[in-house]
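Worksheet for the structure shown next.
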Amino acid sequence: MNGASSDPVLSVRDLTIGVGRSAELLHGVSFDILPGETYGLVGESGSGKSITGLSVMGLLKRPLGVTGGSILFQGEDVLKLGRRARRKLRGDRMAMIFQEPMTALNPLATIGRQIAEMFVVHRGMGWPEARRKAVEALESVRVPSPEERARSYPHQLSGGMRQRVMIAIALACRPDLLIADEPTTALDVTVQAGVLELIAELCKAEGTAVLLVSHDLGVIANMCRRVGVMDRGRLVEEQDTKALFENPLHPYTRGLLAARPRLGSRPVAGRGRLTELDEVVADEERGRDAPTLTTPRGSRLEATA
Amino acid sequence: MRLRFNFTLGLLLALLVIVAAISAGWLAPYDPVMDADLMNSEMPPSWEHWLGTDGQGRDVFSRVLFGARVSLTVGLVSQLINSCIGTALGVSAGYFGGWWDDLVNGLTNVMLAIPSLVFALAIMAVLGPGLPSLLIALGLTNWSWTCRIARSSTLSLKSQGFVQAAKTAGFGDTNIMRTQILPNILGPVLVIATLGIGGAVLAEAALSFLGVGIRPPQPSWGNMLTDARELIRTAPWASVFPGLAIFATVLGFNLLGDGLRDMLDPHMRTRRT
Amino acid sequence: QDATPKDGGKFVFVAPYGNAITSLDITATPHTQDEIVGKAINRSLYKWNPESGKPELDLAESVTVSDDGKTYTYKLKDATFHNGDKLDADDVIWSYNRLADPKKALPGAEQMLQIAGVAEYQAGKADHISGLKKIDDRTVEITVINLANPGWNLMSNYAPIYSKDYPEDQLASKPNGLGPFKLANYVPGSKVELVKFDNFFEKGKPHLDKLDIMLMGEAPARDVAFRNGEIDANVLGPVQYEAYTQDAALKDHILEVAEVYTRNIGFNPKIEAFKDKRVRQAINYAINKDLIVEKLLKNKAYPAVSWLPISSPAFDKNAKPYAYDPEKAKELLKEAGFETGLKFSVTATSNESWGLPIVEAIIPMLAKVGVTVTTDPVENSVLSDKILSDNFESFIWSNSSGPDPLKYLTCFYSKTPQNACNYVKFNNADFDKLIDQAGNETDPAKQNDILRQANNLLEEEAPVWFFNYNKAVMAYQPWVHGLKPNAMELAIQDYEDIWIDDSAPASRK
Amino acid sequence: MLRFIIRRSLQMIPTLLAVVLIIFVIFSVVPGSFISSLMAEGRNVMNAEVLAHLNEQFGLDKPLPVRLWDYLWGLAHFDLGISYRTREPVWNVIEPRLWPSIKLALTAMAFAAAVGIPLGFLAALKPGSVFDTGTMMLAVSGLSVPEFWLGLLLMYVFALQLGLLPSFGYQPGSIRHIILPAIALGVSPMALLARTTRAGVLDVMNADFVRTARAKGLSEPRLVRAHVTRNVLVLVLTTLGLQIGSLMGQAIVIEKLFSWPGIGSLLVDSVATRDIPVVQGTVIVIVLWFLVINMLVDVAYAAIDPRIKVT
Amino acid sequence: MSRPLLEIRDLTVHFPLPRQSPLGRKRTLRAVQGVNLTLNEGECLSIVGESGCGKSTTALTVMGLQEPTSGEILFQGKPLTGAGAPSRKERARIAQMVFQDPYASLNPRQTIGRMLSAQLALHGIARGSEARDRVAAMLKRVGLMPDHADRYPHEFSGGQRQRIGIARALMLDPKILVLDEPVSALDVSIQAQIINLLMDLQETLGLSYIMISHDLSVVEHVSDRVAVMYFGRVVEEGDWHSIFSRPTHPYTRRLIGSVPDPDAILAGARGVPDAAPVPDAARFSPDISRRPNPDEEPEPSALVSIGESHSVRLAQ
Ligand SMILES: Nc1ncnc2c1ncn2[C@@H]1O[C@H](COP(=O)(O)OP(=O)(O)OP(=O)(O)O)[C@@H](O)[C@H]1O
Ligand SMILES: Nc1ncnc2c1ncn2[C@@H]1O[C@H](COP(=O)(O)OP(=O)(O)OP(=O)(O)O)[C@@H](O)[C@H]1O
Ligand SMILES: [Mg+2]
Ligand SMILES: [Mg+2]
């Protein structure tokens with residue numbers, strides 16, 4: 001923990017998430033995010049990154065629920081807030097961007113309306129004014145011809161554009177905390193870079209703190225000053241990015257870094273084997289107790305099995 | 001919770017009916033046709049006749065039991081025919097596409113546009129009343145939903161890796177349809193069939209009402225209900241019990257189908273295709 | 001019903017058979033349902049008098065018969081059509097020509113056959129009917145080909161007098177008749193609303209201002225509607241009959257009549273066993289028809305003795321129906337060699353009084369004497385088709401058997417073809433002789449004697465299982481008067497005589 | 001839009017042709033004929049010559065293909081032929097039945113939608129609750145009762161016992177007369193709609209964009225209003241359309257029971273009397289109704305859902 | 001070098017698009033346009049490019065799962081498509097495919113063993129216990145346990161499923177393996193295992209690969225040659241080293257530039273290597289974010305050689 005110049009925006013303490021009361025998916029995770037800071041959360045699929053983000057927003061769906069710990073947002077434990085107060089926070093002071101830009105927007109409402117809604121709900125504006133602000137917001141995320149775009153529907157936009165719209169929505173009320181859950185994984189590589197840059201730039205300008213969830217170390221390296229590594233429901237390591245890459249402490253982190261081929265690292269002649277995770281870290285060393293409940297993310301068909 | 005309860009209830013009801021149908025011969029205290037005693041007609045439920053007697057003096061309980069046979073045969077067999085036709089057409093149309101798909105699609109639309117009751121009525125008019133005609137009439141008129149679902153499922157399965165893989169492994173088209181596609185669409189088809197069983201039982205009743213049902217004196221719930229509707233004031237038991245039997249059966253299979261659907265695939269809905 | 005009729009008010013009647021009215025042009029349809037409406041709108045030369053049981057003059061005030069008994073001269077009444085036209089001799093001639101016209105293929109053609117020259121006209125050998133002659137505007141002369149009273153034919157509701165000047169293509173939608181009521185509104189498939197025709201030729205009639213005829217085929221629904229006061233008269237089925245007669249509030253307003261139908265199971269001699277008189281008799285012995293009539297028909301029928309109904313003048317009051325005697329039946333079957341193994345199917349519609357329920361009831365009874373019966377359920381139209389094309393083993397049907405005994409016994413005359421009405425191809429020389437005799441007998445009493453013998457012979461021969469004669473029953477609301485026990489068809493009423501009293505609810509005033 | 005309607009109308013032609021063909025074939029092999037139905041009452045024996053003339057008059061003496069061709073030729077000129085039974089043009093027979101039928105279908109559907117959709121919605125908002133379980137049981141029960149049985153029951157209760165409503169019949173202007181048959185007819189689509197709506201709401205509530213809306217801090221009522229309702233409507237519309245479309249054909253039993261002068265009872269009567277031109281005509285009308293309603297549903301889709309373009 | 005193992009000549013695949021109106025113009029989607037590629041024995045050819053550029057379509061055509069609109073595919077000089085094409089069964093011995101989505105590429109209702117042995121039976125290679133043995137051997141070869149044969153797909157993790165996918169593809173001893181994004185659905189930690197497995201197999205079995213991927217670091221690691229596809233066309237092609245050291249086409253450059261590379265970033269140096277000299281760089285189409293409209297834009301030139309086994313497509 002480095003000496004904080006100011007109080008953290010978000011302070012997650014011993015957060016435990018479970019299914020009902022029986023199984024734990026997240027075991028006592030703690031981290032802080034300082035104002036204006038971008039904090040990265042990496043880890044492999046199912047390690048609990050998304051549910052961490054969702055629990056901060058208060059969007060966990062039944063049967064999932066927070067079973068212990070606290071989430072201090074600007075010093076206030078949001079878990080103790082009433083539903084109404086919690087809702088007031090959402091979108092206004094903390095916002096979230098999701099992974100899948102194709103389905104995250106209401107297909108039946110115009111882009112403009114979906115952005116403007118933020119101003120109506122949180123700023124009490126009338127629709128015409130909110131709509132004007134929405135166009136401005138679109139402009140700020142560099143959507144070309146924003147006037148026109150405000151009138152289009154999500155399906156008329158490309159994936160990258162939609163993700164920009166999502167950013168516009170999330171940042172509309174200038175929140176203090178933005179949770180970006182794999183915001184670019186579904187996008188083409190060439191588009192990814194642009195979207196990430198946009199997030200970084202806007203948040204910097206507004207001093208918004210960002211919790212960036214990703215499984216891509218490249219993305220994290222690019223964006224974050226500090227990184228937390230998650231493995232099977234635990235935060236196993238937290239370091240400054242540079243330090244992490246240079247000197248990973250936890251064996252799992254080491255494995256993660258080693259397993260990835262790096263561009264330009266191949267010798268001109270021949271090709272070497274990649275380092276596999278379990279060559280670096282033995283299973284016993286890595287997992288104390290594995291999370292009890294894992295549903296493989298599966299296809300629809302699988303559910304019929 | 002709700003799901004499990006409803007499904008269990010459905011399963012119980014369906015099993016009850018099936019057991020009743022199978023063991024009607026042992027359970028029924030009287031012959032449903034020959035043990036008619038006009039002297040004892042329209043007797044209320046009593047120790048000798050648990051559910052009373054009908055206008056002909058026949059034991060309602062026995063007739064309800066034997067009626068289960070007919071009604072269930074109608075439901076199960078006609079749905080089986082529907083499922084076979086619908087699946088065969090739907091899978092082949094979805095798999096092969098092209099003109100065959102267009103043809104099947106057109107036919108499905110025609111079948112969907114002619115109300116099945118109207119169609120069944122016409123077929124019954126040609127074949128005359130009786131169990132075989134009923135099976136044909138109801139079996140030929142209700143496959144369009146199965147076909148649609150089978151087709152759309154096949155379309156989405158067709159592009160999946162394992163079907164493609166089977167193709168590249170050199171398997172023939174029929175083999176692929178049989179081993180790769182069919183097992184995977186059986187779930188939704190089963191759901192529709194289960195829901196359809198109830199529909200067929202009701203259709204049998206409706207056709208009986210319109211005068212083209214099972215051939216008397218063979219008892220079916222539909223014709224028991226139709227015959228006894230005049231007696232609703234004087235001998236309500238003669239129609240209430242077959243009515244309840246229909247209700248319980250249709251309810252049972254509907255709950256079963258709903259439950260199956262929820263269990264098999266929570267996302268399967270009859271969407272636009 | 002003996003108080004003086006009151007004028008005014010509305011009567012809501014119901015047409016109980018099937019649902020729809022075929023056509024408002026009664027000449028275009030042979031269905032009873034349509035007669036129920038047609039009777040209000042149209043008039044024929046004769047009409048059926050339900051009280052006397054005979055045809056009587058309707059549109060004519062008098063008739064003179066020639067000495068040879070074949071030429072009738074009618075003096076027409078001063079009657080007006082709904083459109084204001086006056087009835088004259090040309091209308092009668094035009095109407096009968098139209099009915100007989102083979103190109104028009106009208107059901108009423110049947111009723112014209114007695115008129116001289118119709119055969120030639122239909123064969124295309126004459127351009128008009130020679131037996132119809134206009135004497136003057138109000139006098140018409142009709143020549144017939146036999147000695148039978150032409151009233152039997154010309155009273156038919158299917159043979160009404162239309163105005164010759166009225167456009168034919170309007171008849172179906174805007175009928176124009178001589179009847180007591182004219183059309184106000186027609187909702188196809190639902191009801192016919194009629195209003196009083198002020199120029200009706202019988203002075204002082206009709207009494208009602210309005211007549212609604214609702215169409216309702218479903219007996220339980222009709223029952224609810226009647227009890228709910230939505231309709232003023234209800235033709236009852238057996239179940240309602242029993243319920244109504246036991247209901248203190250309803251039992252005093254029930255009209256019963258023995259109709260002239262004989263319900264029977266006809267045996268097709270195509271089946272070897274049915275050629276044997278003993279088998280046919282055995283079946284008659286084996287079935288307890290009294291019980292069926294009591295339990296299934298709730299006594300809304302009279303167990304049949306032979307073919308002719310009780311009301312028939314040729315009915316033998318001393319004749320006894322076949323008794324229920326299974327032992328005797330077994331004996332007869334044994335004699336005939338059908339102790340076991342006799343099996344036949346009954347072609348039947350779903351009619352409650354002469355259809356499948358009856359067959360269902362006889363199945364166990366016949367099973368007891370070793371006869372196996374199966375059902376062959378058909379629709380109405382298929383029943384007649386199968387019977388007329390000899391495509392059946394046996395059938396259960398309800399056939400007209402009156403009021404004219406000679407006409408209906410002739411159905412068993414060996415020369416009557418199966419597709420006319422000898423459905424069971426009955427062929428008995430003794431019976432034929434009696435019919436021939438009766439046909440040549442002019443003295444009605446003697447004729448009836450001969451027919452009585454024939455009818456008894458028929459019972460002995462048992463070409464059919466004699467089941468019952470229909471009892472038609474109508475319940476009516478207490479405020480209704482003037483309904484008549486029409487043995488031909490109870491649902492066909494002389495609407496001009498119906499009236500309602502002060503106790504009627506507001507909706508009927 | 002107009003183009004779409006024209007195109008869809010043209011697409012109906014093959015479907016209609018197929019329907020006509022099917023019905024024609026079925027009724028050309030059906031036992032019994034119009035002629036034999038005339039004799040059905042067992043009393044009026046019509047003479048053979050009259051019958052022969054009747055056959056000739058209706059072209060029944062011609063071979064089947066010729067009859068089919070004549071029929072199609074007439075159809076191409078919007079001529080449905082002459083009814084055997086009434087001897088009037090078929091359209092004149094059908095036309096007065098059309099409005100009562102449409103009225104009944106629409107009223108039944110209005111009832112079904114007004115009750116079924118809100119029920120489904122409420123049930124889905126509290127999935128697993130007692131209300132949900134109860135509603136869905138009720139819905140499934142609604143699908144499990146034979147229609148005529150339900151109709152009779154309604155008649156006994158509301159007309160006879162309570163005396164609230166007329167039990168049968170059709171009055172052009174009367175709302176009271178339509179209530180019972182409409183309810184009897186509407187119960188099964190109501191149940192279906194309740195189920196579809198419930199499933200639709202659950203589906204939509206699980207959609208990603210609803211999570212987005214939650215993340216935006218919308219209150220539940222606002223969320224339901226602004227984001228769920230329309231999306232559910234899109235899912236429900238198909239069922240709604242299919243139900244309205246097939247209601248006219250499904251009404252047969254109810255129309256018969258309540259003596260409702262609609263297309264369905266006309267069809268049954270015509271089948272019974274083998275009045276083939278009217279059977280053909282009514283089936284065509286029923287099918288057309290289905291197709292037109294479905295076309296309208298597609299138009300409605302385009303109005304609600306920007307992703308769908310009708311061109 | 002001897003005759004190439006596989007040649008793709010002038011491959012074009014068009015898909016019909018629904019007409020916008022009944023009388024509207026017939027529209028087609030040009031998924032693949034005039035693609036020429038060769039694959040030599042024992043080589044790994046990678047195809048990279050953004051989503052929708054026609055990579056999978058090309059692969060499916062090679063597999064015979066998609067009919068080409070025009071052009072031909074030759075295997076050892078014999079056509080795989082068109083009139084003289086081998087039957088589906090014969091073809092199965094030539095090329096097999098590993099699919100992108102390990103979850104969707106296995107039939108959920110078939111045990112692994114059944115799926116694998118059915119192939120053997122179909123081709124008359126082995127039956128009964130012999131087939132079982134072969135299946136067991138194959139499972140071992142891809143790093144699974146023989147008793148896994150009795151399991152259903154849902155009982156495996158993603159990485160295991162991809163191994164099964166590979167086992168299935170290898171069951172018939174094909175010469176060519178087409179890998180359509182074989183690791184992109186997998187976790188980083190598992191990716192390495194699968195890539196290593198694939199490389200091992202290639203060496204021990206002498207297989208030739210066509211690999212489709214958008215992950216350039218993986219591509220760089222395993223390929224011998226690389227083809228960059230862009231809107232249905234190959235825009236740059238060459239041996240891996242030329243492509244990664246001298247990316248020339250603007251799209252290739254951009255692709256390499258947008259790979260988030262932690263080392264480069266942390267080092268503060270995010271550079272893309274210099275392009276090879278081309279006759280006239282200005283002729284590249286400036287806006288590369290848009291699908292080229294074939295009616296407006298000029299046809300690009302053929303591939304132009306810009307170095308030893310390195311060629312690029314220029315705009316005309
Ligand atoms: N609704 C749920 N019910 C039960 N378990 C759940 C539910 N949602 C998530 N989980 C489990 O919680 C764990 C953490 O899931 P989470 O979505 O946070 O993973 P993640 O790190 O975001 O993975 P990914 O990279 O795949 O998005 C996983 O084991 C997952 O199976
Ligand atoms: N069966 C088909 N019918 C119509 N269009 C198709 C079909 N298959 C592919 N396409 C279209 O052809 C184009 C090329 O598709 P292809 O799948 O080859 O792309 P890809 O390069 O593999 O993309 P990705 O990386 O997303 O898998 C796409 O625009 C796709 O939408
Ligand atoms: Mg996640
Ligand atoms: Mg692809």
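Every heavy atom of this structure was used, including side-chain atoms; hydrogens, water molecules and symmetry mates were not. Per chain, numbering begins at 1; letters A, B, ... match sequence-line order.
Counting heavy-atom pairs closer than 4.5 Å to chain B, the top-ranked of the candidates D:Val283, D:Ile252, D:Leu247 is D:Ile252. Comparing B:Leu9, B:Leu117, B:Val118 by how many heavy-atom pairs each has under 4.5 Å with chain D, the most go to B:Val118.
Within 6.0 Å of atom CZ in D:Phe121, more than 12 heavy atoms from other residues, nucleotides or ligands are found, so the atom counts as buried in its surroundings.
For B:Phe119, the part sitting under 4.5 Å from any heavy atom of chain D is the side chain, from C-beta outward, and nothing else. For chain B, the nearby parts of D:Leu143 are the backbone and the side chain; heavy atoms of each come within less than 4.5 Å. In this structure, chain D has heavy atoms under 4.5 Å from both the backbone and the side chain of B:Ile114. Within the 4.5 angstrom heavy-atom criterion, no atom of D:Leu288 approaches chain B. Proximity to chain B is absent for every atom of D:Leu237, based on heavy atoms less than 4.5 angstrom apart. Heavy atoms of B:Leu112 lying under 4.5 Å from chain D belong to its backbone as well as its side chain. With a 4.5 angstrom heavy-atom cutoff, B:Ser239 touches chain D via backbone and side-chain atoms both. With a 4.5 angstrom heavy-atom cutoff, B:Leu210 touches chain D only via side-chain atoms. Proximity to chain B involves both the backbone and the side chain of D:Pro146, based on heavy atoms less than 4.5 angstrom apart. In this structure, chain D has a heavy atom under 4.5 Å from the side chain of B:Leu195, while its backbone stays farther away. Residue contact with chain B, scored on non-hydrogen atoms closer than 4.5 Å, involves the side chain of D:Leu267 exclusively.
Atom CG of D:Leu242 sits about 4.5 Å away from atom CH2 of B:Trp145, to the nearest 0.5 Å. Interatomic distance, D:Trp149 CH2 to B:Leu244 CG, rounded to the nearest 0.5 Å: 9.0 Å. Atom CZ in B:Phe209 sits 9.5 Å away from atom CD in D:Glu147 (nearest 0.5 Å).
Checked options B:Ile246, B:Leu251, B:Val201; the residue passing with D:Ser144 is B:Leu251 (criterion: side chain to side chain contact (heavy atoms under 4.5 Å, CB included)).
Pairing each heavy atom of D:Leu291 with each of B:Ala113, the nearest pair is CD2-CB, 4.4 Å. The shortest non-hydrogen separation linking B:Ala205 to D:Phe148 is O-CE2, 3.5 Å.
Between B:Asp258 and D:Met136 the shortest side-chain heavy-atom distance does not fall below 4.5 Å.
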